[in-house]
Amino acid sequence: MGRKKGLPEFEESAPDGFDPENPYKDPVAMVEMREHIVREKWIQIEKAKILREKVKWCYRVEGVNHYQKCRHLVQQYLDATRGVGWGKDHRPISLHGPKPVAVEEAE
């Protein structure tokens, strides 16, 4: 058995017949849209993983200077992880960031 000559081509755009107002109108388009969304989420997750590996490598190489030398990679990683993951589609962007620090009042 030999190796196949070409790789399969995937559609990178959303399906044409999908109507977000009535998603059950065309069940085939609904399933294609679901697959498109899942594929795009996995791409975002994998990009974040690659950036995380770059940040780890930069921290190890730069040592004590990693605060200055790796800042751009950390910022790219934080931007890539905002809103990425399952179940975070409809949450406001303010909830994706770091949690605010609560200041306790002195009695």
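Worth saying up front: this structure is predicted, and the values here are computed from it rather than measured. In this chain, numbering begins with 1 at the start of the sequence shown.
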Rounded to the nearest 0.5 Å, how far does CD1 of Ile37 lie from CZ of Arg39?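 Here the interatomic distance stands at 10.5 Å.
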Compile the donor-acceptor pairs under 3.5 Å between side chains in residues 49-70 and protein atoms, sequence neighbours left out, one pair per line.
unit_1	atom_1	unit_2	atom_2	d
Lys49	NZ	Glu46	OE2	3.4
His66	ND1	Gly63	O	2.7

Using the rule given for side-chain contact (heavy atoms from CB on, under 4.5 Å), can you reason through Glu32 versus Phe18, listing the C-alpha separation, both sets of side-chain angles and the distance that settles it, and then say yes or no? CA-CA 8 Å; Glu32 288 178 356; Phe18 182 72; over 6 Å; no
